[in-house]
Amino acid sequence: MRKLKLQVQTTVDGYMGGPNGEMDWMTVPWTDDMNSYVEALMKSVDTIVLGRKLAEGFIPAWESGPEGEDQASIDKMNQTPKVVFSHSLTESPWKNATVVAGDLTEIVNELKARPGGDVMVAGGGTLVRGLIAEGLIDELHLFVNPAAIGTGMPVFPSLGANQDLRLVGARSFECGITALHLEPVRS
Amino acid sequence: MRKIIESTFMTLDGVIDSPEQWGSPYWDDEHSGYAEGLMAGVDALLLGRVTYEGFAAAWPAMEESGVDGAAAMNALPKYVASRTLKEATWNATIIDGDVATEVARLKEQPGGDILKYGTGELDVTLLEHGLVDEYHLWVFPVFAGSGQRIFDGFATTHLQLVRTTPFASGIVVHVYEPKR
């Protein structure tokens, strides 16, 4: 079955964005060791899911062919079909994207049951916390940037109890970012 | 010059309180080996008042029950930053003046490195004055969802990654220096 992989940039203190989604703490540019790691992660991915708020920035940003990104990454991001979770949109204003609403578990399980490669979750906060809370993510790839911001948008939901994960691997890159690869502990 | 080395246990989501509730499944030989390595070059501890009170209440009893390293911990000189504490036990000296000045003075004195446990109010002051030389953040493979968070109240702070050390248990120690 297809895997649902979370791939998210975080701060040392576990935030994926500032209180208003600020991303000014991110380390750029990435060094080649990290570029190759991310490229390898993306290889099996043929669908990207994201929340509506993030999609509004993410999709146009990649369509404009951002500076500092190589053409292969830009093409990969633009050509990969996207699924956007939204309660407010009825149809997609973007190319190559479909809009979905409804029960998170049902939608994700239906997506996973289809034939195809892996599905990458790009964010944002509401969707990520919802997916983690429902135990729907198969692989968590946290890219811990060397910065602390004190407060912001947490990656992890509050479930009223501590939740253990299994560390699969950890790798540091020359640019100072550390990738933590984790999996849920499923009984 | 003596270094100040901070060592803190935290969850993936930056929670630092009640480590006994989420940390204990991961306390193994690799864990105690790293902790002992940190202690090896150190001849004093620096603590905030809250951490001091917790430690001073717990460690003497741990020595009595024969916990490894407890005797060494109890014997170390300690410095406690507090505006309210009038007297201290557990081989501790109270820093009641300007913390940044006093800590900078401590670092100038001859001696080994100084280990700091716990994070809180004191860290904001130390960071603002660039007084901590190394942060050893032990990231446990667990999320808490709520609780007191490391770096709470900090403005955006960029750090320099020195190295990471993953343990078989799933803990990854991230070592950072202040970005200079």
Side-chain angles (χ1 to χ4, degrees), chain A residues 6 8 10-19 22-27 31 34 128-129 132-133 137 140 142-185, chain B residues 6 8 10-26 30 119 123-124 127 132 135-179:
Chain A
L6 170 67
V8 71
T10 80
T11 64
V12 168
D13 41 353
Y15 298 108
M16 57 191 291
E22 298 89 338
M23 300 301 278
D24 54 348
W25 45 268
M26 280 206 300
T27 295
T31 40
M34 174 143 166
V128 167
R129 287 188 295 276
I132 295 175
I137 295 189
L140 295 91
L142 308 180
F143 290 90
V144 183
N145 285 244
I149 60 172
T151 182
M153 207 193 283
V155 176
F156 291 99
S158 186
L159 303 177
N162 299 316
Q163 202 78 40
D164 292 280
L165 297 168
R166 196 174 75 79
L167 182 76
V168 179
R171 174 146 173 225
S172 310
F173 306 108
E174 279 168 49
C175 53
I177 295 174
T178 299
L180 298 181
H181 174 187
L182 300 139
E183 285 179 353
V185 180
Chain B
E6 169 156 332
T8 302
M10 59 183 263
T11 64
L12 290 165
D13 48 349
V15 170
I16 54 171
D17 61 357
S18 312
E20 71 288 350
Q21 286 176 19
W22 43 261
S24 47
Y26 305 96
E30 220 171 355
T119 50
D123 288 271
V124 179
L127 187 93
V132 176
Y135 293 89
H136 291 246
L137 306 180
W138 305 54
V139 180
F140 285 62
V142 51
F143 63 93
S146 61
Q148 193 199 337
R149 288 176 199 259
I150 191 170
F151 301 128
D152 203 358
F154 276 55
T156 297
T157 305
H158 292 274
L159 300 164
Q160 178 84 42
L161 180 70
V162 179
R163 65 180 169 274
T164 49
T165 308
F167 297 163
S169 65
I171 293 173
V172 182
V173 184
H174 298 235
V175 181
Y176 293 102
E177 290 173 352
K179 193 142 191 160

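Every chain is numbered from 1 and lettered A, B, ... according to where its sequence line falls, protein lines coming before strand lines. What you see is a predicted model, and the numbers here were worked out from it, not measured in a lab.
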Which pairs of donor and acceptor atoms, one on a side chain in residues 158-177 of chain B, lie under 3.5 Å apart (sequence neighbours left out)?
unit_1	atom_1	unit_2	atom_2	d
B:T164	OG1	A:S172	OG	2.5
B:S169	OG	B:I171	N	3.4
B:H174	ND1	B:Y176	OH	3.4

Which pairs would a plain distance check flag for residues 135-150 of chain B, meaning a side-chain donor or acceptor within less than 3.5 Å of a matching protein atom at least two apart in sequence or in another chain?
unit_1	atom_1	unit_2	atom_2	d
B:H136	ND1	B:Y34	OH	2.8
B:H136	NE2	B:E134	OE1	2.7
B:W138	NE1	B:S7	OG	3.0
B:R149	NH1	B:D13	O	2.6
B:R149	NH2	B:G145	O	3.3

So, the part of A:L165 with a heavy atom under 4.5 Å from chain B: the answer is both
Okay, A:V12 and chain B: the region with an atom under 4.5 Å from a heavy atom over there is both
CG of B:L12 to CG of A:L140, rounded to nearest 0.5 Å, is 8.5 Å
Which one of [options] has the most heavy-atom pairs closer than 4.5 Å to chain B?
options                        : value
A:T151, A:N162, A:L167, A:V168 : A:N162
A:I149, A:I177, A:D164         : A:D164
A:P157, A:P146, A:S158, A:A147 : A:P146

